Each structure stands twice: as structure tokens, then as C-alpha cells.
Amino acid sequence: VQLQASGGGLVQAGGSLRLSCAASGRSFSRSAMGWFRQAPGKDREFVAGISASGGSTLYADSVKGRFSISRDNAKITVDLQMSSLEREDTAAYYCAARNVPHVTWRDRDVGQWETWGQGTLVTVSS
């Protein structure tokens, strides 16, 4: 799987933004997908994950209720809808793929993910 993230930009606090990750490769429909983010000077952290079927999702506590991850296996895309954005959400956002269909809380570990896209920058202004 190869990944290409897009949709980042500048948004005011309280606003919304939708990130999209386009994938290529025949294994997409068998791969769990995730979104991570990395703020300046901080480690990369888990944001959300979704199973290969789309039937199971996980969210970091910091974004639960505000962000929503979804995937379209026909279009080979995975999206992250972000609402009620806060300045603390400012970061480079990365999509990632695993060569397994499920996603569990252990997958919050960056090391569990095999394939990464380039980052797309999200800046939230006050």
C-alpha cells in the first residue's frame, strides 16, 4: 500500500476540516488504517484507527467526540473529519496502514504501523 494524505490547512478554533488519504495497492481492503499527528517538538501520536471492514474504530481520548474516521474501500480512501478544532490540534497529520485487518488499543504504538504517507499540516488559529 502507498499512501497520499491531503486536506490540511489553516482553520480557526472551533472550525472543521476534512483530511483524506488516498491509497494504492491491492491490499488496502485487508489493511487497518490510522491517522497520527505530530506537533512541533513532540512525538508522533495516535489519533484514530479503523479496521479493514470499517466496522471497528478507535480514537484517542483527546479527539473523541470531535473527530471521525471513515473509509471507502471502493474508492480506496480513508478520511478524518475534524470538528470543534482546538489550537492543540495543530500538527502534521499522517495516515498509516497495517498489514492486518483489525485495530486494537495496542495499535496506538507508532511501531505497529508498516506504511506511512507524507504529512499534511493542520494549523488551528485562535
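Residues take their numbers from the sequence shown, with the count starting at 1. Small disclaimer: the values here were computed from a predicted structure and weren't measured.
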K.L.:
Is it true that atom CD of Q2 has more than 12 heavy atoms of other residues, nucleotides or ligands lying nearer than 6.0 Å?
P.N.:
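Not more than 12 within 6.0 Å, no.
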
K.L.:
What closest approach, in Å, do A22 and T77 show between heavy atoms, and which atom pair accounts for it?
P.N.:
CA-CG2, 4.3 Å

K.L.:
With rounding to the nearest 0.5 angstrom, report the CG to CZ distance, D89 to R87.
P.N.:
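CZ of R87 is found 11.5 Å from CG of D89.
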
K.L.:
Show me the side-chain donor-acceptor pairs of residues 3-19 shorter than 3.5 Å, one per line, residues at least two apart or across chains.
P.N.:
residue	atom	partner	partner atom	Å
R18	NE	D79	OD2	3.2
R18	NH1	Q81	OE1	2.9
R18	NH2	D79	OD2	3.2

K.L.:
Could you see if M33 belongs to whatever hydrophobic cluster contains V110? Use Ile, Leu, Val, Met, Phe, Trp, Tyr and a side-chain cutoff under 4.5 Å.
P.N.:
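No, because M33 and V110 fall into different hydrophobic clusters, even though each may have its own neighbours under 4.5 Å.
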
K.L.:
Taking all non-hydrogen atoms of both residues, which atom of Y94 and which atom of G117 are closest, and how far apart?
P.N.:
CD2-O, 3.5 Å

K.L.:
Quick check: are there more than 12 heavy atoms from other residues, nucleotides or ligands sitting under 6.0 Å from NZ of K42?
P.N.:
no

K.L.:
Taking the side chain as every heavy atom from C-beta outward, state whether V103 and I50 have any pair of such atoms under 4.5 Å apart.
P.N.:
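Answer no - side chains too far apart.
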
K.L.:
Tell me if a side-chain donor or acceptor on D107 pairs with a main-chain N or O of W113 at a distance below 3.5 Å.
P.N.:
no

K.L.:
Out of curiosity, R37 CZ to D43 CG, how far, rounded to the nearest 0.5 Å?
P.N.:
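If I round to the nearest 0.5 Å, the distance is 13.0 Å.
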
K.L.:
Are V47 and L85 connected into the same hydrophobic cluster when the rule is that any two of I, L, V, M, F, W, Y join if their side-chain heavy atoms are below 4.5 Å apart?
P.N.:
yes

K.L.:
With rounding to the nearest 0.5 angstrom, report the NZ to OG1 distance, K64 to T57.
P.N.:
9.5 Å

K.L.:
Write down the atom of A91, the atom of A39, and the distance for their closest heavy-atom approach.
P.N.:
CB-N, 3.8 Å

K.L.:
If you group Ile, Leu, Val, Met, Phe, Trp and Tyr by side-chain heavy-atom gaps below 4.5 Å, do F36 and W105 land in one group?
P.N.:
yes

K.L.:
Are I76 and L80 connected in the hydrophobic side-chain network, where two residues link if heavy atoms are under 4.5 Å apart?
P.N.:
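Hydrophobic grouping puts I76 with L80.
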
K.L.:
Between the side chain of T90 and the main-chain N/O of V124, is any donor-acceptor distance below 3.5 Å?
P.N.:
yes

K.L.:
OH of Y93 to SG of C21: how many Å apart, nearest 0.5 Å?
P.N.:
15.0 Å

K.L.:
Under the ring-ring contact (aromatic ring centres under 6.0 Å, His included) rule, what do W35 and F67 come out as? Steps first, then yes or no, please.
P.N.:
CA-CA 11 Å; W35 284 96; F67 290 13; over 10 Å; no

K.L.:
Give a yes or no answer on whether the side chain of R66 reaches the backbone of S84 with a donor-acceptor pair at less than 3.5 Å.
P.N.:
yes

K.L.:
Without swapping roles, check the side chain of R98 against the backbone of Q112 for a donor-acceptor pair under 3.5 Å.
P.N.:
yes

K.L.:
Over all heavy atoms of both residues, which pair between A48 and Y59 is shortest? Give the atoms and the distance, please.
P.N.:
CB-CD2, 3.7 Å

K.L.:
Roughly how far, to the nearest 0.5 Å, is the CZ atom of F28 from the CG atom of D72?
P.N.:
8.0 Å

K.L.:
Got a second to check how far L58's CG is from T104's OG1, nearest 0.5 Å?
P.N.:
7.5 Å

